Colleague: 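Here's a structure for you.
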Protein chains: 2
Amino acid sequence: MSSESLTSERILDTAEGVLRRHGIAKTTVVDVARALGVSHGSIYRHFPTKVSLHDAVAARWLARVADPLADIAHEDGPADERLRRWLRTLAEAKRRKVLDDPELFHTYHTLAEQARGVVDEHVRELTDQLTRIIRDGAAQGRYRVASPEAAARGVFDATVRFHHPAHSREWGHPGVDADFDVVVTMIQSALAASGAEGGERESGV
Amino acid sequence: MSSESLTSERILDTAEGVLRRHGIAKTTVVDVARALGVSHGSIYRHFPTKVSLHDAVAARWLARVADPLADIAHEDGPADERLRRWLRTLAEAKRRKVLDDPELFHTYHTLAEQARGVVDEHVRELTDQLTRIIRDGAAQGRYRVASPEAAARGVFDATVRFHHPAHSREWGHPGVDADFDVVVTMIQSALAASGAEGGERESGV
DNA sequence: GTGCTGACAAAAATCAAAATCTGTCATTTG
DNA sequence: CAAATGACAGATTTTGATTTTTGTCAGCAC
């Protein structure tokens with residue numbers, strides 16, 4: 001128990017386990033300390049408040065979502081295939097999480113809800129990845145966009161129903177896969193065609 | 001007070017007012033009855049449960065959103081202009097509601113949250129309107145889509161961040177207008193170009 | 001001295017008793 | 001007799017007293 005020294009990492013590992021078992025509402029700092037075999041005062045040496053501990057747990061959870069996506073963003077295959085795969089991987093990861101363990105997903109969702117700053121950073125990271133893919137697509141001559149950053153944000157926004165936890169209730173419904181495909185195909189179509197960002201050249205007449 | 005006879009309409013009008021003033025949590029059937037100057041038993045003559053009363057209020061609220069949109073859907077101008085205006089009207093209506101009276105908006109959101117069936121019907125109505133516009137666009141030769149229904153659903157989904165209450169917190173942020181324009185432009189672009197629905201003809205490659 | 005403890009005050013959560021509300025229905029009213 | 005009432009049982013919410021938790025910090029231990 002007291003063999004290893006008490007690090008932030010170790011606290012986070014344990015906190016995650018306790019959170020997983022008890023849910024967010026019933027987890028206290030004292031619980032986490034007890035699970036570690038230390039006094040709760042020690043935890044405040046590593047995290048100034050309980051909320052900051054929650055934020056850190058949320059950040060790790062979000063990182064586990066973002067990491068596999070980063071790989072896709074940094075490959076150098078055809079951008080359109082990577083974009084589709086990136087979006088599907090994101091949606092699929094989220095979907096699996098809810099369907100596998102709704103309880104735990106709800107815990108993390110609540111956690112993330114409160115950790116506004118952490119989520120903002122996460123979204124920035126994801127849109128940066130999208131920007132990279134779209135920029136690659138432009139370099140490859142597959143996409144034609146005025147602003148890759150704006151287009152990336154647009155892609156992220158347009159797919160919000162398939163990755164934002166607020167819509168998780170619908171992810172189990174029968175039609176979602178088809179809905180997802182429609183939206184992704186629209187996105188591909190838009191990026192491949194004229195400017196995906198408010199340039200002067202309006203599509204259609 | 002007791003001059004008019006007690007109709008469902010009159011109950012709904014009053015319920016809406018009480019809800020507006022007290023919020024959903026603090027509004028009881030007794031409150032509504034008191035505001036009407038009748039006994040609460042009378043209300044159960046028109047609505048079987050408190051929930052059904054809530055549903056009816058939610059339905060009226062949603063109808064007030066859908067009605068102006070129906071006008072746009074039934075015009076016969078150029079579809080792309082109507083689509084853009086339809087989407088902006090929807091987003092703008094929602095946005096005004098939150099910014100004007102967040103308290104009241106929250107009340108209605110909670111109401112709608114619970115009135116699942118009512119919301120489903122509302123969404124069906126809206127996507128039907130979109131289908132009509134897109135079908136018109138196809139007839140006008142402006143849009144090329146394999147399935148107007150699927151495309152309509154795609155358009156609705158892709159703009160979810162701008163009209164779904166779960167995202168209302170962001171509607172006050174500075175960048176949203178630009179974000180909205182990007183997404184709408186992408187949509188126009190996709191509809192104007194190749195099939196907006198999973199046909200065999202993939203965009204790109 | 002660095003890292004941890006545990007007692008403490010203030011804040012928040014819990015619990016059970018009391019009050020209120022929902023939904024029913026036999027009775028009253030017009 | 002159609003429409004409304006109000007007393008009632010069971011469910012839910014409120015209230016306020018009690019317990020638990022958070023976050024601090026003086027001091028202990030290594």
Side-chain angles (χ1 to χ4, degrees), chain A residues 1-59 103 106-107 110-111 113-118, chain B residues 1-59 103 106-107 110-111 113-118:
Chain A
M1 278 206 191
S2 51
S3 54
E4 300 273 347
S5 79
L6 188 62
T7 63
S8 297
E9 275 306 300
R10 222 154 73 76
I11 292 173
L12 285 178
D13 289 340
T14 307
E16 214 169 309
V18 178
L19 241 12
R20 198 185 303 277
R21 259 170 282 126
H22 298 0
I24 190 164
K26 313 231 125 209
T27 299
T28 71
V29 176
V30 175
D31 289 336
V32 177
R34 190 165 28 234
L36 279 160
V38 300
S39 81
H40 77 279
S42 307
I43 289 182
Y44 283 94
R45 179 157 291 286
H46 295 266
F47 298 94
T49 64
K50 184 169 94 151
V51 167
S52 76
L53 176 60
H54 284 173
D55 285 3
V57 173
E103 187 74 27
H106 178 258
T107 296
T110 312
L111 226 55
E113 192 87 317
Q114 290 156 0
R116 271 286 114 210
V118 174
Chain B
M1 284 211 189
S2 53
S3 55
E4 300 273 347
S5 80
L6 188 61
T7 63
S8 298
E9 274 306 300
R10 221 155 74 76
I11 292 172
L12 284 178
D13 288 342
T14 307
E16 215 169 309
V18 177
L19 239 13
R20 198 184 304 278
R21 259 170 283 125
H22 297 3
I24 191 164
K26 314 232 125 208
T27 299
T28 71
V29 176
V30 175
D31 288 336
V32 177
R34 189 164 28 233
L36 279 160
V38 301
S39 84
H40 77 279
S42 307
I43 290 182
Y44 283 93
R45 178 158 291 287
H46 296 266
F47 297 94
T49 65
K50 185 170 94 150
V51 168
S52 76
L53 176 59
H54 284 173
D55 284 3
V57 173
E103 188 73 28
H106 178 258
T107 295
T110 311
L111 226 56
E113 193 86 318
Q114 290 158 1
R116 270 289 112 206
V118 174

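In this text the structure is predicted, and so the values were computed from the model without any measurement. Throughout, a chain's letter reflects where its sequence line sits, starting with A, and its residues are numbered from 1.
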Colleague: Round to a whole Å and report the spacing from CD1 of Ile11(B) to P of dA3(D).
Modeller: 12 Å

Colleague: Taking the side chain of Thr49(A) as heavy atoms from C-beta outward, which of dG23(D), dG6(C), dA4(D) is closest to it?
Modeller: dG23(D)

Colleague: Looking for any heavy atom pair under 4.0 Å, which part of the strands does Val30(B) touch: base, sugar-phosphate only, or nothing?
Modeller: base

Colleague: Rounded to the nearest 0.5 Å, what separation is found between the CD1 atom of Ile24(B) and the OG1 atom of Thr110(B)?
Modeller: 5.5 Å

Colleague: Starting from the 5' end of DNA chain C, give me the residue, Ser42(A) or Asp31(B), whose nearest nucleotide shows up first.
Modeller: Ser42(A)

Colleague: Does atom NE2 of His22(B) have more than 12 heavy-atom neighbours from other groups under 6.0 Å away?
Modeller: yes

Colleague: Taking the side chain of Thr28(A) as its heavy atoms from C-beta onward, which of dA4(D), dT21(D), dT22(C) lies nearest to it?
Modeller: dT21(D)

Colleague: Checking the side chain of His46(A) only, and the main-chain atoms of Leu6(A) only, is there a donor and an acceptor separated by less than 3.5 Å?
Modeller: yes

Colleague: Nearest whole angstrom, please: distance from the C1' of dA3(D) to the CZ of Arg10(B).
Modeller: 13 Å

Colleague: Whole-Å distance between dT21(D) P and Leu53(A) CG?
Modeller: 15 Å

Colleague: Between the protein and nucleotides 24-30 of chain D, are there any N/O to N/O pairs under 3.5 Å, and if so, what are the atom names and distances?
Modeller:
none

Colleague: Taking side chain as C-beta onward, heavy atoms only, is Val51(A) less than 4.5 Å from Gln114(A)?
Modeller: no

Colleague: Any chance NE2 of His106(B) has more than 12 other-residue heavy atoms, nucleotides or ligands included, within less than 6.0 Å?
Modeller: no

Colleague: Is any side-chain heavy atom of Leu53(A) less than 4.5 Å from a side-chain heavy atom of Leu12(A)?
Modeller: yes

Colleague: Just wondering, do Asp31(A) and Thr28(A) contact through their side chains at under 4.5 Å, heavy atoms?
Modeller: yes

Colleague: Please state how far atom NE2 in His46(A) lies from atom P in dG23(D), giving the value in whole angstrom units.
Modeller: 16 Å

Colleague: For Val118(A) versus Ala58(A), what's the shortest heavy-atom pair and its separation?
Modeller: CG1-C, 4.4 Å

Colleague: Measure NE2/His22(B) against C1'/dC21(C) and give the value in whole Å, please.
Modeller: 14 Å

Colleague: For Lys50(A) and dT20(D), what is the distance between atoms NZ and C1' respectively, to the nearest whole Å?
Modeller: 11 Å

Colleague: Lys50(A) and side-chain contact (heavy atoms from CB on, under 4.5 Å): which single residue from Val29(A), Asp55(A), Val32(A) fits?
Modeller: Val29(A)

Colleague: Pull out every protein N or O sitting under 3.5 Å from an N or O of nucleotides 10-18 of chain D, one pair per line with the distance.
Modeller:
none

Colleague: Distance check: side-chain N/O of Ser39(B) vs OP1/OP2 of dT5(D), anything under 4.0 Å?
Modeller: yes

